[in-house]
Amino acid sequence: MANAFEGWGKKYGLALGVVVGLIIWFCPIPLAMNETEHKLLSIFGGAIIMWITIGVNFAVSSIITTCLLYFWVGNVTGATKNGSLIHSTDFALSQFSGSALWLLVTGFVISIAMMQTGVAKRLSLYMIRLLGRTPFGAVMASLLTNYAVAPVTPSNTARTAAMLPIIEGMAKTYGCERGTSNIGKALALSATFGGNITGSAFLTGTIANVAALSAIVTAAGASVYTSWSFWTLAAAPTNFVILFLCGWLLIKVFPPEVKEVPGGIGFVDQELKAMGPMSSAEKRAVIFFLIALALWATDMFHGFNSTMVAFLVSALIYFPKIGVLDWRESQNHLPWELFMYFGGVLTLGDALMKSKSIEFVISGLLNFLGLHVIPQLPLLLLLIGFTIFIHIIWSTTTAMAAVMLPIYVGIAQALHFDVARFCLPLAIMVGYALFLPFNTMGNIIFLGTGYYTVSEQLKSALILGAIIWGMWIITAFTWWKIIGLT
């Protein structure tokens with residue numbers, strides 16, 4: 001399914017995006033909409049198709065939209081000079097120098113340091129040795145290891161790839177046969193689901209979170225609700241509970257063939273022995289990780305920007321003598337394509353919100369559907385469920401964040417809700433790409449192991465999605481009220 005969709009998208013996605021953009025452009029302009037808003041919505045409609053189908057490389061899609069913003073739209077108000085449209089470079093490139101983009105770059109630097117020095121692998125092995133003697137313990141070791149490294153790993157793909165050899169080792173120890181062993185299915189799916197769940201728990205857990213929060217900051221400005229620590233306060237406790245419910249669900253859906261590992265988990269000791277004592281570089285990487293975590297966790301008190309904290313830690317990571325990475329060696333591991341794409345996405349989203357284009361469309365849609373009469377909390381709970389399950393059609397959470405959060409911001413603005421408090425819970429839901437392999441690269445990685453099928457992933461993900469929705473409904477009436485979010 002994933003390969004067929006991807007092949008179709010690459011073949012027809014760009015052409016379809018152009019067609020959709022032109023259809024929107026040639027539709028009559030409503031009386032309340034100006035030409036600039038109409039142009040932006042045309043670009044947005046075409047971009048959505050490119051992002052969903054991956055009709056072109058992500059970086060290329062960003063280049064295309066940036067060119068259209070500069071040469072066609074010109075500026076956010078449609079201002080002219082001497083009868084000619086003003087073409088503003090600052091407008092077309094406004095978010096390429098934004099703090100959100102650089103939080104991703106520096107966040108990946110910290111992640112690479114954790115991976116390259118071996119700290120992430122060592123942590124995984126210790127977690128497995130502590131918990132992995134039973135099937136449920138092994139599943140929880142996978143989930144909790146994901147949770148432990150998520151704050152400094154802004155990539156589900158990176159975390160999932162790091163878990164691959166560990167899961168394979170555990171499966172081998174349990175004597176799992178690919179495609180038939182229930183323990184193998186549960187272990188592989190724990191890594192698949194764990195990457196998505198833990199990505200939701202922390203602002204720096206996945207690129208999509210920063211994209212989602214940037215839409216909120218653009219519309220409402222920075223506040224306590226948009227800090228790293230408040231995201232963690234709002235999301236991490238419930239996601240921690242969700243991890244245990246996920247582990248329980250996997251063991252129930254795929255009952256283990258044995259109650260404990262045959263002959264012990266000797267492979268862990270073998271791996272740790274092969275790694276040897278903790279190196280000086282590993283120790284320094286742990287110190288840098290703790291510095292980042294401590295400063296991010298306390299940003300409500302000291303006020304230091306999350307991006308600048310990441311810059312500080314990145315400087316330490318590269319600093320001569322005390323650092324753990326060399327720039328020339330690590331630069332090839334930085335996903336520059338995604339950074340280029342992210343800058344373009346943020347810039348387009350910023351233009352859509354500043355021009356009120358999205359707000360215009362949402363106001364009309366709300367009136368048509370009658371949603372404007374639904375109170376804020378029930379509407380939020382409905383949108384939380386919608387956001388969780390709409391993942392089934394998306395092939396990247398970053399694209400989903402770029403499309404859906406401006407829409408949610410528009411809803412909040414149209415209904416005069418507090419934008420940050422209404423949209424932050426929805427931003428937290430963007431990480432749950434649980435359902436099908438093409439929803440995220442991490443899903444594809446573990447489908448490739450052959451331990452489970454697409455239908456087995458979908459079946460368990462649908463149940464897990466319902467559990468997650470229920471947990472957030474409970475959270476909205478309890479924990480979020482305590483911290484002032486609802």
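Note that these values count all heavy atoms, side chains included, but never hydrogens, waters or copies made by symmetry.
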Thr387 vs Met404, test: side chain to side chain contact (heavy atoms under 4.5 Å, CB included). Steps then yes/no. CA-CA 8 Å; Thr387 308; Met404 298 307 301; 5.9 Å; no

Gap separating the [atom1] atom of [X] from the [atom2] atom of [Y], nearest 0.5 angstrom:
X	Y	atom1	atom2	result
Ser190	Phe254	OG	CZ	11.0 Å
Ile43	Leu348	CD1	CG	6.5 Å
Ile207	Thr397	CD1	OG1	8.0 Å
Trp231	Leu233	CH2	CG	13.0 Å
Thr198	Ile242	OG1	CD1	11.5 Å
Tyr432	Leu464	OH	CG	9.0 Å

Please name all residues satisfying ring-ring contact (aromatic ring centres under 6.0 Å, His included) with Phe389, sequence neighbours left out, ordered by chain then number. Phe435

For Trp480, all residues meeting ring-ring contact (aromatic ring centres under 6.0 Å, His included), sequence neighbours excluded: Trp472

Should the pair Phe244 and Phe240 be assigned to parallel (<30°), tilted (30 to 60°) or perpendicular (>60°) ring geometry? perpendicular

Start with the C-alpha distance between Met340 and Ile63, add both sets of side-chain angles, then the distance that settles side chain to side chain contact (heavy atoms under 4.5 Å, CB included), and finish with yes or no. CA-CA 8 Å; Met340 184 71 182; Ile63 293 172; 3.4 Å; yes

Cys423 vs Leu405, test: side chain to side chain contact (heavy atoms under 4.5 Å, CB included). Steps then yes/no. CA-CA 7 Å; Cys423 294; Leu405 260 296; 4.3 Å; yes

[X] to [Y] - nearest heavy-atom pair and separation:
X	Y	answer
Gly184	Tyr451	O-CB, 3.6 Å
Ala113	Val324	CB-CG2, 3.9 Å
Ala212	Ala401	N-CB, 4.0 Å
Arg421	Leu485	NE-O, 3.4 Å
Leu203	Trp228	CB-CD1, 3.7 Å
Ala201	Ala235	O-CB, 3.6 Å

Report yes if some heavy atom in the side chain of [X] is under 4.5 Å from a heavy atom in the side chain of [Y]; otherwise report no.
X	Y	result
Trp8	Leu16	yes
Met308	Phe304	no
Val253	Leu189	no
Leu243	Asn146	no
Thr238	Ile474	no
Leu380	Leu426	yes
Trp469	Ile384	yes
Leu213	Leu424	yes

Considering only residues two or more places apart or on different chains, which pairs with a residue in [range] satisfy salt bridge (Lys or Arg N to Asp or Glu O under 4.0 Å)?
range	value
residues 43-62	none
residues 434-460	Lys185-Glu456
residues 276-287	Arg122-Glu282
residues 433-455	none

Taking [Y]'s backbone N and O only, do any of them form a donor-acceptor pair with [X]'s side chain (distance below 3.5 Å, no angle check)?
X	Y	answer
Glu257	Asn182	yes
Asn209	Phe202	yes
Asn443	Ala433	yes
Tyr147	Ala236	yes
Ser200	Met429	no
Ser142	Ala138	no
Thr449	Phe446	yes
Thr65	Ser61	yes
Ser62	Gly344	yes

If you apply the rule side chain to side chain contact (heavy atoms under 4.5 Å, CB included), what do you find for Ile291 with Ile287, and how did you get there? CA-CA 6 Å; Ile291 290 173; Ile287 292 172; 4.0 Å; yes

Looking just at side-chain N and O atoms, do Tyr452 and Ser460 make a donor-acceptor pair shorter than 3.5 Å? no

